[in-house]
Amino acid sequence: MLQLPFIRENRDLTIAGLRKKYVTNPEEIIDNLIASDQHRRETQQELDTTLAQSNALAKQIGELMKAGKREEAEIVKAETVNLKIRSKSLEDTLQTAETDLQALLVTLPNLPHASVPEGRTPEENEAVFSWGEKPILPADAVPHWELIKAKGIIDFELGNKITGAGFPVYRGKGARIQRALINFFLDEAIAAGYVEIQPPILINEASAFGTGQLPDKEGQMYAAGGPEATADKLFLIPTAEVPITNIYRDVILSESDLPIKNVGYTPCFRREAGSWGAHVRGLNRLHQFDKVEIVQIRKPEESYQAQQEMLEHVKGLLQKLELPYRILRLCGGDMSFTSALTFDFEVWSGAQQRWLECSSVSNFETYQANRLKLRYKVEGKMQLLHTLNGSALALPRILAALLENNQSPEGIRIPNALVPYCGFDMI
RNA sequence: AGAGAGAUGGCGGAGUGGUCUAUCGCGGCGGUCUUGAAAACCGUUGACUGUCAAAGGUCCGGGGGUUCGAAUCCCUCUCUCUCUGCCA
C-alpha cells in the first residue's frame with residue numbers, strides 16, 4: 001500500500017508511476033485521493049478539538065463532584081450535551097472518510113522502480129542475462145508430457161479422477177525427483193544463510209491482505225473454512241510468500257534482527273481462473289504445484305543489493321541443474337500489483353522450443369510492509385522495512401525442462417547435483 | 001467437545017467509574033562511580049494520528065453499548081490457560 005504523505009508530496013511522480021503500470025486515469029485518482037485526505041484530516045482536527053473540550057468538561061465535573069458541588073456539576077453536565085452530539089456526528093463523518101480513503105488506497109498498485117522498462121506486454125520485458133547452451137536434441141525428441149507418460153512417472157488422468165485437471169499424481173521416480181528437487185533447493189538456501197520455515201498452507205484474510213492478495217485477487221485463490229456462512233474465510237496459499245511474510249505482520253524488529261532471510265517449501269494452489277489457453281499442456285501450468293520460496297526483510301537502503309544477491313542464488317541453482325536460462329527485467333505492464341522491481345527467470349524447454357518462467361524475484365519496497373505494519377526503529381524513529389521474495393525454485397517447469405533437455409536413447413539423465421538427492425542417475 | 005479461569009506496555013504484574021497523564025518490578029538505553037567491568041545509585045524508556053514544530057486526539061485482546069467521564073460496568077466475538085473427553 002502506498003503511503004499517503006508520500007502521495008501528497010510526490011503527486012506527479014506517483015501519477016507517472018501509476019501510468020507506467022497502466023492504471024487508467026491516474027491524475028483523477030490521485031487528485032481525488034489527495035482531496036479526500038485533506039477532508040479527512042480537517043474532520044479529524046475538528047473532532048479532536050471537540051473531544052478536547054469534552055475531556056476538559058468531564059474533568060471539571062469530576063472535580064466538582066469530589067468537592068460535593070453537585071449543582072454546579074449539573075450545570076457543566078448540561079454543557080456537554082451539544083459537544084456530544086457534535087462529536088458523534090464528526091465521528092461518523094470521519095469513519096466514512098477513512099473507509100472511503102482506505103478503499104481507494106488499496107486499489108493502487110506499487111510504483112515501479114526507475115529502472116523498470118516501459119511496456120505493457122511480456123514481449124516488452126528486457127532480457128538482461130542468459131546462461132547455458134540450448135541443447136541439440138535427437139530428431140525423435142518429445143515434449144515432457146509424452147516423456148512422463150512413457151516413463152509412467154506423472155499421471156494427469158489419475159489426478160483428474162481424484163481431484164480435477166491440473167492436479168497431477170507423481171509416482172515412483174516422478175515422486176522421488178520432486179522430493180529430491182525440494183531438498184536440493186532447501187539445502188542450497190540454508191547454505192546461503194536462509195532459515196527454513198514450515199508455514200501453514202491455509203491463511204486467513206488478514207494475511208492475504210498483508211501481502212496484497214486481497215482485496216480483488218480473491219478469484220485466484222481457493223477458499224476454504226467450513227460450510228457455515230459465518231465461518232472465517234481461509235484460503236489455500238498461492239505461494240509461501242504469504243504465510244512467511246505474514247510472520248512479520250504487526251512486528252517491530254530491532255536492527256540486530258536484520259537482515260531476515262527465510263526459506264520455505266510448500267505446495268502452492270492457484271485457480272488460474274480464465275488463464276488456461278492453448279500451450280499450457282502438461283506441467284506448464286497447474287492448479288497445485290510445489291515451490292521453494294526465499295523471503296527477505298531488509299533495511300530500505302540494502303534491499304536492491306539484497307535482490308541482486310537473490311538473483312545470484314537462483315542463478316546458482318539453475319547452473320547446478322545445468323539448465324539454460326535467461327533473466328528478464330519485467331516491464332511496468334507485466335509486473336505484479338505489489339512489486340517495485342521484478343526479475344523473471346526462464347528455463348529453456350528443449351522439446352517445446354520455448355522459454356518457461358520458473359522464478360520471479362521481486363522487491364516490494366515498503367508496499368507490503370505498510371500493509372503489514374512491519375517496521376524497525378532507527379535513530380529513535382519508526383521506519384517501514386522492505387520485503388523481497390523469490391522462487392528458488394518452482395518445480396514443475398524445472399522438471400519439464402530437465403526431462404526434455406536430458407532425454408536420450410538411453411533414458412533421461414539426472415544432473416549430477418541432483419543424483420545424491422534422487423538416488424538414481426537415469427529415468 | 002464440556003466445565004472453569006483469564007487477556008493490561010519488550011516481559012512479569014497492579015489497577016473494579018473521576019489528577020490513569022496506567023503503580024511497581026525485570027529488561028533496554030544514558031549517566032555517576034571505576035583503569036575497565038560488575039554491583040550500587042540517579043535519570044530515561046510504547047504505538048498511531050496531527051504539525052515546520054507544537055498543542056491536541058486515539059489506543060489496556062477485537063467490535064459494539066451505558067455514562068458528563070470506562071482499563072474498570074453491560075453485550076458480543078476471538079484467542080490463551082487449567083481440568084475432563086476425543087485424536088494423528
Side-chain angles (χ1 to χ4, degrees), chain A residues 1-10 33-102 105-106 198 200-210 214 224-235 243 246-258 260 366 369-385:
Chain A
M1 196 159 59
L2 300 176
Q3 294 165 268
L4 267 171
F6 177 89
I7 295 175
R8 226 186 286 148
E9 287 158 28
N10 302 276
L33 197 66
I34 292 173
S36 301
D37 179 47
Q38 179 71 20
H39 173 239
R40 190 213 92 221
R41 281 184 298 153
E42 283 165 3
T43 309
Q44 178 87 62
Q45 275 306 320
E46 216 176 326
L47 173 63
D48 287 356
T49 311
T50 310
L51 287 176
Q53 287 166 6
S54 291
N55 288 345
L57 290 180
K59 199 168 191 176
Q60 208 179 323
I61 292 168
E63 281 161 7
L64 289 170
M65 292 292 234
K66 218 172 211 179
K69 299 175 181 169
R70 216 157 233 299
E71 282 168 25
E72 283 181 48
E74 286 302 324
I75 294 165
V76 180
K77 226 186 222 187
E79 285 181 46
T80 64
V81 175
N82 278 335
L83 286 176
K84 196 168 183 182
I85 293 166
R86 191 169 154 72
S87 65
K88 202 91 178 166
S89 116
L90 283 168
E91 255 167 42
D92 290 346
T93 311
L94 185 65
Q95 182 73 41
T96 310
E98 274 176 355
T99 309
D100 292 352
L101 200 58
Q102 186 74 2
L105 204 52
V106 297
Q198 277 198 16
I201 57 175
L202 272 81
I203 46 153
N204 59 27
E205 289 179 279
S207 294
F209 176 80
L214 290 180
E228 307 89 14
T230 54
D232 277 348
K233 211 161 198 180
L234 298 176
F235 298 94
N246 272 280
I247 291 172
Y248 306 97
R249 170 153 51 85
D250 293 319
V251 167
I252 298 170
L253 293 168
S254 58
E255 208 163 351
S256 58
D257 296 327
L258 296 165
I260 285 184
T366 59
N370 193 28
R371 289 187 172 207
L372 295 161
K373 295 190 177 32
L374 165 55
R375 296 159 294 172
Y376 81 121
K377 205 175 235 181
V378 57
E379 284 160 15
K381 283 181 73 178
M382 295 304 257
Q383 197 172 349
L384 290 171
L385 285 156

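Here is the naming used below: chain letters follow the sequence lines, and residue numbers restart at 1 for every chain. Computed from a prediction, not measured in an experiment: that's the story for all the values here.
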Considering only the [atom1] atoms, how many Å lie between [N] and [M], rounded to the nearest integer?
| N | M | atom1 | value |
| --- | --- | --- | --- |
| B/rG46 | B/rU51 | P | 22 Å |
| B/rU19 | B/rU72 | P | 14 Å |
| B/rU78 | B/rC42 | C1' | 44 Å |
| B/rU49 | B/rC11 | C1' | 27 Å |
| B/rG61 | B/rA54 | C1' | 33 Å |
| B/rG56 | B/rG12 | P | 32 Å |
| B/rG17 | B/rG65 | C1' | 16 Å |

- prompt: Between A/D37 and A/R8, which heavy-atom pair has the shortest distance, and what is it?
  reply: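 That would be OD2-NE, 2.8 Å.
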field: Shortest non-hydrogen contact between A/M1 and A/N370, atoms and distance
entry: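 Smallest heavy-atom distance, with atoms named: O-ND2, 2.9 Å.
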Below 4.0 Å: OP1/OP2 of [N] and any side-chain N or O of [X]:
| X | N | result |
| --- | --- | --- |
| A/R375 | B/rA47 | no |
| A/K377 | B/rA47 | yes |
| A/R40 | B/rU49 | no |
| A/N55 | B/rG69 | no |

query: Rounded to the nearest 0.5 Å, what separation is found between the OG1 atom of A/T99 and the CD atom of A/Q95?
result: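 Reported to 0.5 Å precision, the distance equals 4.5 Å.
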Using atom [atom1] of [X] as one end and atom [atom2] of [N] as the other, report the distance to the nearest whole Å.
| X | N | atom1 | atom2 | result |
| --- | --- | --- | --- | --- |
| A/K88 | B/rC68 | NZ | C1' | 13 Å |
| A/D37 | B/rU49 | CG | C1' | 12 Å |
| A/L94 | B/rG50 | CG | P | 11 Å |
| A/Q38 | B/rU49 | CD | C1' | 15 Å |
| A/E98 | B/rG57 | CD | P | 17 Å |

task: Answer yes or no: is there a donor N or O on one side and an acceptor on the other, between the side chain of A/R371 and the main chain of A/V106, under 3.5 Å?
output: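 Side chain of A/R371 to backbone of A/V106: a pair is present.
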- prompt: Any donor-acceptor pair under 3.5 Å between the side chain of A/D48 and the base of B/rG57?
  reply: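 Not at all, since no donor on one side and acceptor on the other fall under 3.5 Å apart.
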Closest-nucleotide 5' rank along RNA chain B - winner of A/K59 and A/T49: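 It is A/K59, whose closest nucleotide lies nearer the 5' terminus.
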task: Please figure out whether A/M382 or A/A58 has its closest RNA chain B nucleotide nearer the 5' end.
output: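 This one resolves to A/A58.
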Crowding at CD, A/Q383 (>12 non-hydrogen neighbours, <6.0 Å):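 Yes, the 6.0 Å shell around CD holds more than 12 heavy atoms from other groups.
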